[in-house]
Amino acid sequence: QVHLVDSGGGVVQAGGSLRLSCEASGDYVSRYSMGWFRQAPGKEREFVAAISWSEDNTYYADSVKGRFTISREIAENTVYVYLEMKSLRPEDTAVYYCAADRQLRVVTRLSGFLQIWGQGTLVTVSS
């Protein structure tokens, strides 16, 4: 089973930057596509970004395109997934969660079927 640990959240002023990290460990973890999701207070969880395991193709929600970058590093039996966030806005305030699945489409379009999640990390953007 794959285990995810999110980190890197914090408080930042609007226009600032932050980098989130997700440490993924477990069997065949390098063959899992990975994604970031977020949930703001009183709102539903939404897709932010994803990266495919096979070719490192990346996908973004329209609201973060051009501001956020997802990337991946592989080290032995551990995969590190990063979300570099720039030009942050107050509306980016949310708890951010890392997620993983063997199928890319589950990460990008079928998040209701995701079963592997990190614990979440809070990002607060002050105006």
Side-chain angles (χ1 to χ4, degrees):
Q1 180 65 298
V2 171
H3 181 63
L4 307 179
V5 178
D6 306 329
S7 63
V11 180
V12 63
Q13 288 189 334
S17 301
L18 208 57
R19 188 176 84 156
L20 305 184
S21 300
C22 174
E23 180 176 338
S25 59
D27 294 337
Y28 305 105
V29 65
S30 62
R31 295 195 175 188
Y32 280 71
S33 292
M34 308 288 292
W36 285 97
F37 293 78
R38 68 186 181 185
Q39 186 166 20
K43 295 188 177 181
E44 293 187 354
R45 184 182 61 207
E46 64 175 357
F47 168 78
V48 175
I51 186 165
S52 65
W53 72 268
S54 58
E55 299 179 348
D56 282 349
N57 292 325
T58 57
Y59 306 83
Y60 297 95
D62 288 343
S63 59
V64 306
K65 279 182 183 176
R67 301 189 298 122
F68 291 12
T69 303
I70 188 171
S71 61
R72 187 176 73 139
E73 289 183 7
I74 301 174
E76 296 186 359
N77 294 325
T78 303
V79 173
Y80 299 91
V81 181
Y82 305 106
L83 187 67
E84 191 76 40
M85 306 185 293
K86 298 181 179 180
S87 302
L88 283 162
R89 305 166 180 168
E91 55 263 39
D92 294 318
T93 295
V95 178
Y96 284 70
Y97 298 89
C98 181
D101 197 274
R102 286 184 174 267
Q103 298 187 62
L104 175 63
R105 62 176 181 168
V106 172
V107 180
T108 58
R109 303 198 308 270
L110 302 172
S111 64
F113 292 95
L114 283 167
Q115 296 185 345
I116 304 173
W117 293 91
Q119 82 284 4
T121 185
L122 176 62
V123 173
T124 303
V125 183
S126 61
S127 57

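Considering every non-hydrogen atom in both S127 and P90, the closest pair reads CB-CG, 3.8 Å. Scanning both residues, I74 and S30, for their nearest heavy atoms gives CD1-CB, 4.1 Å. G35 and I70 get closest at one heavy-atom pair: CA-CD1, 4.5 Å. The minimum heavy-atom distance linking V2 with A24 is given by the pair CG1-CB, 4.5 Å. In terms of heavy-atom proximity, W36 sits nearest to S21 at CH2-O, 3.6 Å. In terms of heavy atoms, M34 sits closest to C98 at CE-SG, 3.8 Å.
Of the residues listed (L18, V48, V64), the one engaging L83 in a side chain to side chain contact (heavy atoms under 4.5 Å, CB included) is V48, and it is the only one. Partner of F47 under the ring pair (Phe, Tyr, Trp, His ring centres under 6.0 Å) criterion, out of Y59, F68, F37, Y96: F37 alone.
Contact annotation: the side chain of T78 approaches that of E23 to within less than 4.5 Å [non-hydrogen atoms, C-beta and beyond].
Q119 contributes no side-chain N or O that, together with a main-chain N or O of V5, makes up a donor-acceptor pair within less than 3.5 Å. The backbone N or O of Q103 sits nowhere less than 3.5 Å from a side-chain atom of S33 that would complete a donor-acceptor pair. Between the side chain of S87 and the backbone N or O of R67, no donor-acceptor pair lies under 3.5 Å. Put simply, the side chain of R72 gets close to the backbone of W53: a donor and an acceptor are under 3.5 Å apart.
Between Y97 and W117, the two ring planes are perpendicular [angle over 60°; tilted spans 30° to 60°].
Atom CG of D56 has more than 12 neighbouring heavy atoms from other residues, nucleotides or ligands inside a 6.0 Å radius. Within a 6.0 Å radius of CZ in R105, other residues, nucleotides and ligands contribute 12 heavy atoms or fewer.
Cluster membership for Y80 and I51, using ILVMFWY side-chain heavy atoms within less than 4.5 angstrom, is not shared. Hydrophobic clustering (side-chain heavy atoms under 4.5 Å, transitive across Ile, Leu, Val, Met, Phe, Trp, Tyr) groups V123 together with V81. The hydrophobic clustering, which links ILVMFWY residues whose side-chain heavy atoms are closer than 4.5 Å, places Y60 and L88 together.
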V107/L114 under side-chain contact (heavy atoms from CB on, under 4.5 Å): CA gap, chis, key distance, verdict: CA-CA 7 Å; V107 180; L114 283 167; 4.2 Å; yes
